Novice: 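Let me give you the structure first, and then I'll get to my questions.
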Amino acid sequence: QVQLVESGGGLVQAGGSLRLSCAASGRTFSSYAMGWFRQAPGKEREFVAASSWSGGNTYYADSVKGRFTISRDNAKNTVYLQMNSLKPEDTAVYFCAAAPSPAQVVGVRNIRYWGQGTQVTVSS
């Protein structure tokens with residue numbers, strides 16, 4: 001069993017940066033691919049970024065490529081999302097998730113665990 005708790009959300013001006021953290025409980029964290037998703041009001045949840053279990057392979061949605069960076073520290077059971085050059089359209093609740101493989105994270109298939117979400121608001 002893995003529990004995921006996100007933190008680091010908040011209000012930031014356009015062009016600013018935030019770093020989200022997702023702390024996981026459980027000794028099996030390093031065996032999971034991890035990902036970030038977001039859901040804006042009135043919209044479906046969408047994939048943002050994914051990392052392989054080692055962190056050596058990462059994947060991004062086109063809308064965030066070059067601005068967001070996913071990383072993980074398996075010793076700390078934590079995955080991060082560094083968000084730079086934020087835009088108002090990045091405003092959403094951000095969720096972290098765990099799945100057996102990055103392909104399943106990207107395809108939103110067989111997601112084993114979800115966090116509760118953290119709000120990110122970008123003002124113009």
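In this chain, numbering begins with 1 at the start of the sequence shown. Predicted model only: the values in this text are computed from it and were never measured. All values below were derived from every heavy atom in this structure, side-chain atoms included, with hydrogens, water molecules and symmetry-related copies excluded.
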Novice: Output yes when a side-chain donor or acceptor of E6 lies under 3.5 Å from a complementary backbone atom of L20, and no otherwise.
Specialist: no
Novice: Ignoring hydrogens and angles, tell me if any N or O in the side chain of T118 forms a donor-acceptor pair with the backbone of S7 under 3.5 Å.
Specialist: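 No.
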Novice: Would you compute the distance between atom CD of Q82 and atom CD1 of I70 and round it to the nearest 0.5 angstrom?
Specialist: 12.5 Å
Novice: Could you tell me whether a side-chain N or O of S25 sits under 3.5 Å from a main-chain N or O of Q3, the two making a donor and an acceptor?
Specialist: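 Yes: the side chain of S25 pairs with the backbone of Q3.
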Novice: Is the F37 to W114 ring centre distance short of 6.0 Å?
Specialist: yes
Novice: Quick one: do L18 and V64 end up in the same hydrophobic cluster if we chain Ile, Leu, Val, Met, Phe, Trp and Tyr together by side-chain heavy atoms under 4.5 Å apart?
Specialist: yes
Novice: Any side-chain to backbone donor/acceptor pair from S101 onto Q104? Under 3.5 Å, distance only.
Specialist: yes
Novice: Under a single-linkage definition using a 4.5 Å side-chain heavy-atom cutoff for Ile, Leu, Val, Met, Phe, Trp and Tyr, are M34 and Y113 assigned to the same hydrophobic cluster?
Specialist: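 Looking at the clustering, Y113 is in the same group as M34.
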Novice: When you measure from the centre of the six-membered ring of Y32, is the NZ or CZ of R72 under 6.0 Å away and within 45° of the axis?
Specialist: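 No, R72 does not lie over the aromatic ring of Y32.
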Novice: If every non-hydrogen atom of R109 is compared with every non-hydrogen atom of A99, which pair is closest and at what distance?
Specialist: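 That would be O-CB, 4.4 Å.
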Novice: As an exercise, state the distance from OG1 of T91 to CD of Q119, rounded to the nearest 0.5 Å.
Specialist: 7.5 Å
Novice: Taking atom types as modelled, is there a side-chain donor on Y80 or R19 under 3.5 Å from an acceptor on the other?
Specialist: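 Short answer, no.
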Novice: Spell out, as yes or no, whether a donor-acceptor pair under 3.5 Å connects the side chain of S52 to the backbone of N57.
Specialist: yes
Novice: First locate atom OG1 of T28, then atom CG of N77, and finally report the distance between them rounded to the nearest 0.5 Å.
Specialist: 8.5 Å
Novice: Give the minimum heavy-atom separation between V79 and W36, together with the two atoms involved.
Specialist: O-CZ2, 3.7 Å
Novice: Is V93 reachable from I111 through a run of hydrophobic residues whose side-chain heavy atoms are each under 4.5 Å from the next?
Specialist: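 Same cluster: I111 reaches V93 through Ile, Leu, Val, Met, Phe, Trp or Tyr contacts under 4.5 Å.
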Novice: Does the pair R38 and S63 meet the rule for a side-chain contact (heavy atoms from CB on, under 4.5 Å), with working shown?
Specialist: CA-CA 12 Å; R38 66 187 182 186; S63 58; 3.5 Å; yes
Novice: What verdict does the salt bridge (charged side-chain N to carboxylate O under 4.0 Å, His left out) test give for K65 and D62, after you've listed the backbone C-alpha separation in whole Å, the side-chain angles of each residue and the deciding distance to 0.1 Å?
Specialist: CA-CA 5 Å; K65 204 170 292 184; D62 288 343; 3.1 Å; yes
Novice: Could you tell me the separation between the OG atom of S123 and the CG atom of L86, rounded to the nearest 0.5 Å?
Specialist: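 The CG atom of L86 is 10.0 Å from OG of S123, to the nearest 0.5 Å.
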Novice: May I ask you to test the V120-M83 pair for a side-chain heavy-atom distance under 4.5 Å?
Specialist: yes
Novice: Where do L4 and C22 come nearest, in terms of heavy atoms and distance?
Specialist: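 For L4 and C22, the tightest heavy-atom pair comes out as CB-SG, 3.8 Å.
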Novice: Looking only at non-hydrogen atoms, find the nearest pair between S54 and N74 and report the distance.
Specialist: CA-ND2, 4.5 Å
Novice: Can you tell me if Q13 uses its side chain to pair, donor with acceptor, with the backbone of S124 under 3.5 Å?
Specialist: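 Such a contact is absent between Q13 side chain and S124 backbone.
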Novice: Mark yes when over 12 heavy atoms from residues, nucleotides or ligands other than Q39 sit less than 6.0 Å from its CD; otherwise mark no.
Specialist: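 Result for CD/Q39: enclosed.
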Novice: Take F47 and Y60 through the ring pair (Phe, Tyr, Trp, His ring centres under 6.0 Å) test and state the conclusion after the steps.
Specialist: CA-CA 8 Å; F47 165 75; Y60 298 94; 8.2 Å; no
Novice: Hey, could you give me the NZ/CZ distance between K76 and F29, rounded to the nearest 0.5 Å?
Specialist: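 Atom-to-atom, K76:NZ and F29:CZ are 12.0 Å apart.
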Novice: Applying a strict under-4.5 Å side-chain criterion to I, L, V, M, F, W and Y, I'd like to know whether F95 and V106 cluster together.
Specialist: yes
Novice: Linking directly or through intermediates, with side-chain heavy atoms under 4.5 Å: list the remaining ILVMFWY members grouped with W53, chain and number order.
Specialist: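 So far as hydrophobic clustering goes, W53 is joined with none.
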Novice: For A92 and A40, which heavy atoms make the closest approach, and how far apart are they?
Specialist: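 Closest pair (atom of A92, atom of A40, distance): CB-N, 3.8 Å.
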Novice: Give the other cluster members for V5, using side-chain heavy-atom distances under 4.5 Å between Ile, Leu, Val, Met, Phe, Trp and Tyr residues; answer none if it is isolated.
Specialist: none
Novice: For N84 and S17, does a side-chain donor sit closer than 3.5 Å to a side-chain acceptor?
Specialist: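 Their side chains do contain a donor-acceptor pair, which is all the 3.5 Å distance test asks for.
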Novice: How far apart are the closest heavy atoms of P100 and R112, and which atoms are they?
Specialist: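 Residues P100 and R112, closest heavy atoms: CG-NH2, 3.5 Å.
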Novice: Heavy-atom distance under 4.5 Å between the side chains of V12 and T121, does that happen here?
Specialist: no
